[in-house]
Amino acid sequence: MMASDLPGDALTAFEFFAGGGLAGLGLEGFQVTFANDIDRAKASSWQANHAGAFHTGDVRDLTPEDLPGQPDLVWASSPCQDVSLAGTRGGLAARRSGTFWSFWQLMQALDREGRGPRAIVVENVVGLLTSGQGRDFPAICSALVQAGYRVGALEMDAALWLPQSRPRLFMVAFRDAEAPTGSHPAPPFHTPRLIAAHDRLPKPVRSAWAWWKVGPPSRPNLDIGALLEPDDAVQWLGPSDVGHLLELLAPLHRERLDAAQRSGERRVATGFRRVRTEGGVRVQRLELRFDGVAGCLRTPSGGSSRQYVLVCDDGRVRARRLTGREAARLMGLPDTYVLPKGETAALRLMGDAVAVPVVRTLTDALLRPALIRARIAA
Ligand SMILES: C[S@@+](CC[C@H](N)C(=O)[O-])C[C@H]1O[C@@H](n2cnc3c(N)ncnc32)[C@H](O)[C@@H]1O
């Protein structure tokens, strides 16, 4: 269903933990009437790319008076550092990821005023399925169910749409709105670890569970090579830096690189530096992939979080850092998206964002049709 099917005002959405506003860009057919983030630099990026009201500040300081009207949908991409498998694993009880509960208190306050949304989407890393000693995922599902929502989740990897491996968890909840469901979990978005987490939920939550029906994209994703800047528009590392980098390759990765060089064809690899324990000793390694897909973008917090691009052609190897614009393309953004000045700021913005085509798929398959039907029926 299209937004033009709707009598009266457009569908509206609030975007919490909005960052650069990539969720809002995927919510086609919705007008974002409120967005919030604590980070001033991200607020500037949001404002450079969107019209509308942005509130810069801590979600913990927001009150219902800051929120305009009753939105159809609320989107929350709450911080992941404490639930990520690479993070502290303190879960939703920890300081950063615990901001989810401040967001949730606002939703409860809106509800008490009769302004609660018909749909809520909570996006986070897949580590949320097991974080907090397995208590976090049931806690969010229970909160949604107690508030009268029917809840389901999907694990969606951006790699189905874009050449970036980026699995993320999308918890989608509807109240007084019907979205298509299946009677059983179905691939590719109801993954074994999601099904296992569902099976551990308390019975009353499982009774309000829905296996939302969302199909995979019909068009295959692009190869990373198609998103790269022209070779003469980027800064390549000098020979000694390339040499140092290649010394970090583990034997298997060295073999892959040698094979690519021997092929004589142009081959593109992406890679990260990682610390591995080998024979009880911690060593730094450069790990490459040649499958046409970039590794998951991360927020730059040190040398190891910046992704490398290696190009083999004519038997030589060149290496460089992935650029901010390339990172934006890997999130599904058009080149008209205004990036902050400076590579670190651009990569920081992209590193914890949500991939736009994934949001668009959820919007087309579930959110917009269900909410238009609910508005027409109301
Ligand atoms: C996972 S990112 C979401 C990014 C966003 N979805 C995007 O596409 O750019 C989490 C965001 O929460 C913001 N954040 C962290 N703590 C916050 C707080 N206490 N109040 C409001 N926002 C906060 C961070 O600045 C970050 O932009």
Side-chain angles (χ1 to χ4, degrees), residues 13-27 30 32 34-50 52-63 66-67 73-88 90 92-107 120-128 131 156 158 161-162 164 166-171 296-301 305 324 327-334 337-340 345-360 362-363:
F14 293 172
E15 193 183 358
F16 285 90
F17 310 101
L22 277 68
L25 292 176
L27 291 172
F30 287 80
V32 176
F34 174 86
N36 167 255
D37 200 284
I38 196 169
D39 186 303
R40 287 188 184 283
K42 290 187 174 179
S44 303
S45 289
W46 195 96
Q47 282 157 331
N49 289 287
H50 301 75
F54 192 93
H55 183 289
T56 311
D58 194 326
V59 69
R60 289 173 276 219
D61 297 333
L62 288 173
T63 66
D66 294 311
L67 307 175
L73 166 73
V74 169
W75 185 286
S77 293
S78 59
C80 62
Q81 292 94 333
D82 305 309
V83 299
S84 157
L85 295 176
T88 62
L92 295 186
R95 193 178 57 83
R96 290 166 301 187
S97 296
T99 48
F100 170 81
W101 294 116
S102 307
F103 155 76
W104 184 247
Q105 280 162 16
L106 266 180
M107 293 302 100
I120 297 182
V121 180
V122 177
E123 182 241 335
N124 216 300
V125 293
V126 178
L128 182 66
S131 63
M156 302 169 88
W161 291 261
L162 298 160
Q164 183 197 172
R166 195 174 187 81
R168 288 291 182 267
L169 182 70
F170 296 84
M171 301 174 69
C296 188
L297 295 175
R298 309 180 202 166
T299 46
S301 56
S305 49
R329 293 175 189 154
L330 287 172
M331 298 303 293
L333 286 171
Y337 185 90
V338 181
L339 287 172
L347 289 164
R348 191 167 162 264
L349 186 69
M350 293 300 119
D352 63 7
V354 59
V356 178
V358 183
V359 180
R360 198 175 290 133
L362 284 174
T363 304

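Order of listing sets the numbers, starting from 1, for every ligand and every atom in it. Since the structure is predicted, the reported quantities are computational estimates derived from the model, not experimental observations.
For ligand 1, the atoms closer than 4.0 angstrom to any heavy atom of Pro79 are 12 (O), 15 (C), 16 (N). Within ligand 1, the atoms closer than 4.0 Å to a non-hydrogen atom of Ala353 are 7 (C), 8 (O), 9 (O), numbered from 1 in the order shown. Distances below 4.0 Å separate heavy atoms of Ala18 from the following atoms of ligand 1: 5 (C), 7 (C), 9 (O). Those atoms of ligand 1 that come under 4.0 Å of a heavy atom in Gly57, given as number and element, are 20 (N), 21 (C). Against a heavy-atom cut-off of under 4.0 Å, Thr99 is close to the following atoms of ligand 1: 19 (N). Close contacts between ligand 1 and Ser77 involve ligand atoms 1 (C), 2 (S), 3 (C), 6 (N), 10 (C) [criterion: under 4.0 Å to a heavy atom]. Ligand 1 places these atoms under 4.0 Å from at least one heavy atom of Asp39: 25 (O). Counting the atoms of ligand 1 from 1 in the order shown, those under 4.0 Å from a heavy atom of Asn36 are 21 (C).
Using a 4.5 Å heavy-atom threshold, the side chains of Thr99 and Phe17 count as touching. At a threshold of 4.5 Å between non-hydrogen side-chain atoms, the residues Cys296 and Arg168 count as touching.
When non-hydrogen atoms are compared, ligand 1 lies under 4.0 Å from the backbone of Asp58 as well as from its side chain.
For His50 (side chain) and Gly21 (main-chain N/O), a donor-acceptor pair under 3.5 Å exists by modelled atom type.
Partners of Asp58 by salt bridge (charged side-chain N to carboxylate O under 4.0 Å, His left out), not counting sequence neighbours, listed by chain and number: Arg60. For the ring pair (Phe, Tyr, Trp, His ring centres under 6.0 Å) test, residues two or more places apart in sequence or in another chain that qualify with Phe16 are Phe34, Phe103.
Considering backbone and side-chain N/O of Val59, one or more are found under 3.5 Å from N/O of ligand 1. For a threshold of 3.5 Å applied to N or O pairs, the pair formed by Glu123 and ligand 1 contains no separation below that value.
Here Leu333 contributes atom CG and Leu22 contributes atom CG; the two are 4.5 Å apart, rounded to the nearest 0.5 Å.
The residue among Ile38, Val359, Asp352, Thr299 with a heavy atom at the shortest distance from atom 21 (C) of ligand 1 is Ile38.
Annotation for Glu123 and Ser77: closest pair OE1-OG, 2.6 Å, computed over non-hydrogen atoms. In terms of heavy-atom proximity, Gly20 sits nearest to Trp46 at C-CD1, 3.9 Å. Scanning all heavy atoms of the two residues, the minimum distance from Leu297 to Arg166 falls at O-NH1, 3.0 Å.
Every heavy atom of Ser102 sits 4.0 Å or more from the atoms of ligand 1.
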